[in-house]
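Model, not experiment: these values are computed from the prediction.
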Amino acid sequence: MLDYGSLDVEGLRARFKAHINGGLFALVAFMGLDEAEIEAEGWLVRDSKGRQFIDCLGGYGVFNFGHRHPKIVAAVEAQLRRQPLSSKLLMSPPAVMLAEKLAEITPGNLQKCFFANSGTEAVEGALKIARLATGRKKIIYTSRAFHGKTLGSLSATDREKHRAPFDPLLGQFNVVPFGDADALVAAVDGDTCALIFEPVQGEGGIFPAPEGYLAAAREACDKTGALLIFDEVQTGMGRTGKNFACEWDGVAPDIMCLAKALGGGVMPIGAVIGTPEVWKNFEENPLVHTSTFGGNPLACAAALAACDVLIEERLAENALLRGEEMLAGLTEIGREFPELINGIRGRGLMIGIDFNNGDIAELFIAMMIELGVFVAFALNKPDIIRIEPPLTITSEVVAEVLTRIRAACAHVQGIMSELI
Ligand SMILES: Cc1ncc(COP(=O)(O)O)c(C=O)c1O
């Protein structure tokens, strides 16, 4: 184990600035996040000052199973001793077992898997496989969407601040307003390769798709031969109260992207899962898209154990119940602090607090850190704070988090009234 010993935190700060990113350090230091993370277990994280935090950020959607879930850690330890990385010449049993498991637990006829290492890679794979399958180029994406920051995924991500420095991005990517079924139906035509969106937008500010939107998307794609891609990188693996968020609408895509929690909070892994029809051209030209580390045994062992834990511990159900408690409590707090909070929305344990502006949201984060709770803003909409704790949390922890959120709002309200 890396010996943290008597960690020199001041030195670590200087080395972070010297060798990682000074601008990033300044950004986090401003919110009181300039300590080091030492260890974590379940929903708790401890830092170099000995402070303990309830993790309501969940690694931006990674820790559905909490930190170091014992069954997932044990599966990874066993695989580490057997074979962490494979030669890639012979078949790797964990990859085959995981592909079969995902075919079993995902909705619709998603039977084929390509493994990557992250969310953006899963989206890149999905976009390439869709173009390969249809021979068409045009991709439709949605306003506020976040699909990752590599060039292909960024071309479908709707934040000018992150896109503009890299123009020109990929051609034939067209944006439609998220949630507007008529606009979507009008945009999808016989030239469309694929329509990609998140069933609940995460980094766009926690916006669940309105009722009927997924069904309208399915129908438009079926009519025109376009492929429907659901990016469940953040919503998958129980987060919204179903194993996969599209199950709320009973609509299955042609291609699904998974990552984040798929690795059980222990290993990084991404996956593209598609129907046999979508995979046909890929099977004719199987080396057209590859990844050295994608589907490695360690990551697959973690993901396999994560799938088992998801089902055995009925985590989607717990996300739904605890999510209802959290949403009800937050709605009450929203009513108590209308000067700060515009609204609360979400599904399962993917909840957004919509603050009246970004400055209030920043003060709130700083206050929550003081009070021992990790939260952060949505990457594409900094006035929205997301609440995404491990799906293993109990009612008692939900109640404690609500108490601290109420206290943080009272503090922020006090500061705001002093400023006026
Ligand atoms: C819906 C969605 N897709 C893709 C990504 C990109 O994932 P990664 O950061 O692992 O590349 C994210 C990350 O937040 C995401 O929320």
Report task. Taking the six-membered ring for Trp and the full ring for Phe, Tyr or His, determine whether the centres of Phe355 and Phe377 are under 6.0 Å apart. Result -> no

Requested in this report: Examine Phe197 together with Tyr213 and report whether their ring centres are nearer than 6.0 Å.
Outcome: yes

Requested in this report: Find out whether Phe364 and Val375 are in side-chain contact, i.e. whether some heavy atom of one side chain is under 4.5 Å from a heavy atom of the other.
Outcome: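 Side-chain contact under 4.5 Å: yes.
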
Report task. Taking the six-membered ring of Phe207 (Phe, Tyr or Trp), confirm whether the NZ or CZ of Arg345 is under 6.0 Å from its centre and within 45° of its axis. Result -> yes

Query raised in the report: If you look only at pairs with a residue in residues 364-387, which of them pass as a salt bridge (Lys or Arg N to Asp or Glu O under 4.0 Å), with sequence neighbours excluded?
Result: Glu203-Arg386, Lys381-Asp383, Arg386-Glu388

Query raised in the report: Got a donor-acceptor contact below 3.5 angstrom from the Lys88 side chain to the Thr292 backbone?
Result: yes

Report task. May I have the step-by-step check of salt bridge (Lys or Arg N to Asp or Glu O under 4.0 Å) for Glu39 and Arg68, ending in yes or no? Result -> CA-CA 10 Å; Glu39 56 185 358; Arg68 296 196 295 122; 5.4 Å; no

Query raised in the report: Less than 4.0 Å between a side-chain N and a carboxylate O, is that true for Arg13 and Asp34?
Result: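 Here Asp34 pairs with Arg13 in a salt bridge, since their nearest N and O are under 4.0 Å apart.
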
**Report entry** Sidechain N-carboxylate O distance under 4.0 Å for Arg218, Asp222
**Finding:** yes

Requested in this report: For the pair Phe173 and Tyr141, name the ring-plane relationship: parallel under 30°, tilted 30 to 60°, perpendicular over 60°.
Outcome: tilted

Requested in this report: Please test Lys223 against Glu219 for salt bridge (Lys or Arg N to Asp or Glu O under 4.0 Å), starting from the C-alpha separation and ending with a verdict.
Outcome: CA-CA 6 Å; Lys223 266 195 190 142; Glu219 199 183 324; 3.5 Å; yes

Report task. Using the test salt bridge (Lys or Arg N to Asp or Glu O under 4.0 Å), find all partners of Asp189 that sit at least two apart in sequence or belong to another chain. Result ->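 Lys138.
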
